Protein chains: 2
Amino acid sequence: MATRDLILHLGQDLFRTRGFNAFSYYDLADALKVRPAAIHYHFPSKDDLARAIIEQERETFHAFAVKTDRLPDQRQRLRRFVHMFAEHAEAHRLCLLGASGADYASFGAGVHREIQRMATDILAWLERTLQEGRKAGRLAFEGTAHARALMVATNMAASLHLARILGTQEFKRVSQQLLSDLTARPTP
Amino acid sequence: MATRDLILHLGQDLFRTRGFNAFSYYDLADALKVRPAAIHYHFPSKDDLARAIIEQERETFHAFAVKTDRLPDQRQRLRRFVHMFAEHAEAHRLCLLGASGADYASFGAGVHREIQRMATDILAWLERTLQEGRKAGRLAFEGTAHARALMVATNMAASLHLARILGTQEFKRVSQQLLSDLTARPTP
DNA sequence: GTCTATAGTACGATAGAC
DNA sequence: GTCTATCGTACTATAGAC
């Protein structure tokens, strides 16, 4: 049963680093020392694999949210969120939002639904965190928390693309500016 | 000689809508009513095609910059920039920054250099526009114009991913918030 | 100079062995 | 229940016809 998890873990990494259409069942099988068809037993079609990868990521994010929400300071929660992306930037990985958004046309309706759920989960957490932070006077921003959540998510997602193209320092510039922008300053 | 341009135009569209690894020489040949090998005459390898697509986009952006820089108001220049992305959002296309960032690992060093040039071109234009706009008192933002250019570019790039996943209205929310954030308000 | 026929390989997926 | 042998297809690319 560990095989399934190994496939999922490796599949997610290849999805993020290469793109969904740039890795094959052979790549997975080769790394796991089995035949390609063994992967088909666990994930009959490639769409099944995609679906499971996104599903797993939703669970991972849920666990992150539960753990992070214990922090009393919303600024710190946001920093944790940014830190998650920083690790991807270093490893030249995309987030699954960026990766699956790029290969979106390759997937069927089932995978699309799963991706939509993932996107709304992440955006809802951001929106709530931003809203609470502003209410508590720790975060400051213009407009609705929903719009701001979209801004934060898109900053993070695409800065992983830029980190690949121009280097990790570009990710750092974005994340620093982002946290600085959102941090409430004592009005003089 | 029109064939080459047709290939480039169609190739760019497929690159953006499907991803570079999700379209083939056959797709191009089929649409152009020729054999796949005819494409190889114009672009021997797929990397040659990628390079030419990015090169063409750099020229397109240069033409956009020259034309747009004639506008005296930097806010209007930014609106034109955003409008460019809005058209892609409607057509479920990504920008080439997002598309090539996702498929980055598939390309050789030559294509990487071309993508880097494209990225720096776009960011340099944004930086200059933001800088000038702030100096003129029409735009307002915290931090360096360089950091802000990164924020704007990443907002635009990834909102095209989100537009695919959750719908075009998400792109509109991002672009409205972005322009609102940057527009200088008369200090009361 | 432009394109076609065709090779050689790698892909996702099925049918069936253990 | 787990995996292997194998099929049919689609890919990029080359060699050579017009």
Side-chain angles (χ1 to χ4, degrees), chain A residues 1-56 99-100 102-112 114, chain B residues 1-56 99-100 102-112 114:
Chain A
M1 184 51 94
T3 308
R4 206 192 116 99
D5 287 340
L6 286 170
I7 297 168
L8 271 180
H9 189 261
L10 184 58
Q12 181 168 130
D13 190 67
L14 289 169
F15 191 175
R16 300 175 107 128
T17 52
R18 294 195 209 166
F20 197 72
N21 292 304
F23 77 90
S24 69
Y25 275 59
Y26 181 83
D27 292 320
L28 295 166
D30 196 47
L32 270 60
K33 305 285 176 198
V34 289
R35 302 297 113 201
I39 317 292
H40 281 284
Y41 166 67
H42 298 281
F43 306 99
S45 80
K46 225 183 168 187
D47 251 34
D48 293 319
L49 177 59
R51 205 161 168 172
I53 289 173
I54 305 288
E55 209 171 9
Q56 184 196 235
S100 57
D103 291 325
Y104 205 67
S106 304
F107 303 123
V111 183
H112 284 174
E114 204 64 39
Chain B
M1 183 51 95
T3 308
R4 206 191 116 98
D5 287 339
L6 286 170
I7 297 168
L8 271 180
H9 189 261
L10 184 58
Q12 182 168 130
D13 189 68
L14 289 169
F15 191 174
R16 300 175 108 130
T17 52
R18 293 195 209 167
F20 197 71
N21 292 305
F23 77 91
S24 68
Y25 275 59
Y26 181 83
D27 293 320
L28 296 166
D30 197 47
L32 269 62
K33 305 285 175 198
V34 288
R35 301 299 113 201
I39 317 290
H40 281 283
Y41 166 68
H42 297 281
F43 306 99
S45 81
K46 223 183 169 187
D47 251 34
D48 294 318
L49 176 60
R51 206 162 169 170
I53 289 173
I54 305 287
E55 209 171 9
Q56 186 196 234
S100 56
D103 292 324
Y104 205 66
S106 304
F107 303 123
V111 183
H112 284 175
E114 204 65 38

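Note that the coordinates shown come from a computational prediction; the quantities given were computed from them, not determined experimentally. Throughout, a chain's letter reflects where its sequence line sits, starting with A, and its residues are numbered from 1.
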* To do: Can you tell me the distance, in whole Å, between the CZ atom of B:Phe43 and the P atom of D:dT12?
  => 14 Å
* To do: Indicate whether OP1 or OP2 belonging to C:dC3 is found under 4.0 Å from a side-chain N or O atom of B:His42.
  => yes
* To do: Go through residues 47-56 of chain B and report each residue with a non-hydrogen atom lying under 4.0 Å from DNA chain D, sorted by number.
  => none
* To do: Examine distances only and state if a side-chain atom of A:Asp5 and a backbone atom of A:Ala2 form a donor-acceptor pair shorter than 3.5 Å.
  => no
Name every donor-acceptor pair, under 3.5 Å, that has one atom in a side chain of residues 29-39 of chain B and the other anywhere in the protein, sequence neighbours excluded.
none

* **Those residues of residues 12-33 of chain A lying under 4.0 Å from DNA chain C by at least one heavy atom** => A:Phe23, A:Ser24, A:Tyr25, A:Tyr26
* Asked: Can you tell me how far P of D:dT12 sits from CZ of B:Phe107, to the nearest Å?
  -> 12 Å
* Asked: Between the side chain of B:Asp48 and the main-chain N/O of B:Ser45, is any donor-acceptor distance below 3.5 Å?
  -> yes
* C:dC3, C:dA5, D:dT12: which one has an atom nearest the side-chain heavy atoms of B:Arg35? -> C:dA5
* To do: Could you check if a side-chain atom of A:Ile7 sits within less than 4.5 angstrom of a side-chain atom of A:Tyr41, using non-hydrogen atoms only?
  => no
* To do: Using a cut-off of strictly less than 4.0 Å, decide whether A:Tyr41 has a side-chain nitrogen or oxygen near OP1 or OP2 of D:dC3.
  => no
* Go through D:dG1, D:dT14, D:dA5 for me and flag the one nearest to the A:Ala37 side chain. => D:dA5
* Structure fact -> Of the listed D:dT12, C:dA13, D:dC3, the closest approach to the B:Lys46 side chain comes from D:dT12
* Asked: Heavy-atom distance under 4.5 Å between the side chains of B:Leu10 and B:Phe23, does that happen here?
  -> no
* To do: Could you tell me which non-hydrogen atom of A:Val111 sits nearest to which non-hydrogen atom of A:Arg51, and how far apart they are?
  => CG2-N, 4.2 Å
* To do: Compare every heavy atom of A:Thr17 with every heavy atom of B:Ala105, then report the nearest pair and how far apart it is.
  => CB-O, 3.6 Å
* Structure fact -> In whole angstroms, the gap separating C1' of D:dT2 from CG of A:Leu6 amounts to 15 Å
* Structure fact -> Note: A:Tyr25 and A:Phe43 closest approach over all heavy atoms is OH-O, 2.9 Å
* Asked: To the nearest angstrom, how far is B:Ile39 atom CD1 from C:dA5 atom P?
  -> 15 Å
* **Interatomic distance, A:Arg4 CZ vs D:dT2 C1' [rounded to whole Å]** => 14 Å
* Taking all non-hydrogen atoms of both residues, which atom of B:Ser106 and which atom of B:Asn21 are closest, and how far apart? -> OG-ND2, 2.8 Å
* Structure fact -> Whole-Å distance, B:His40 NE2 to C:dA5 P, equals 15 Å
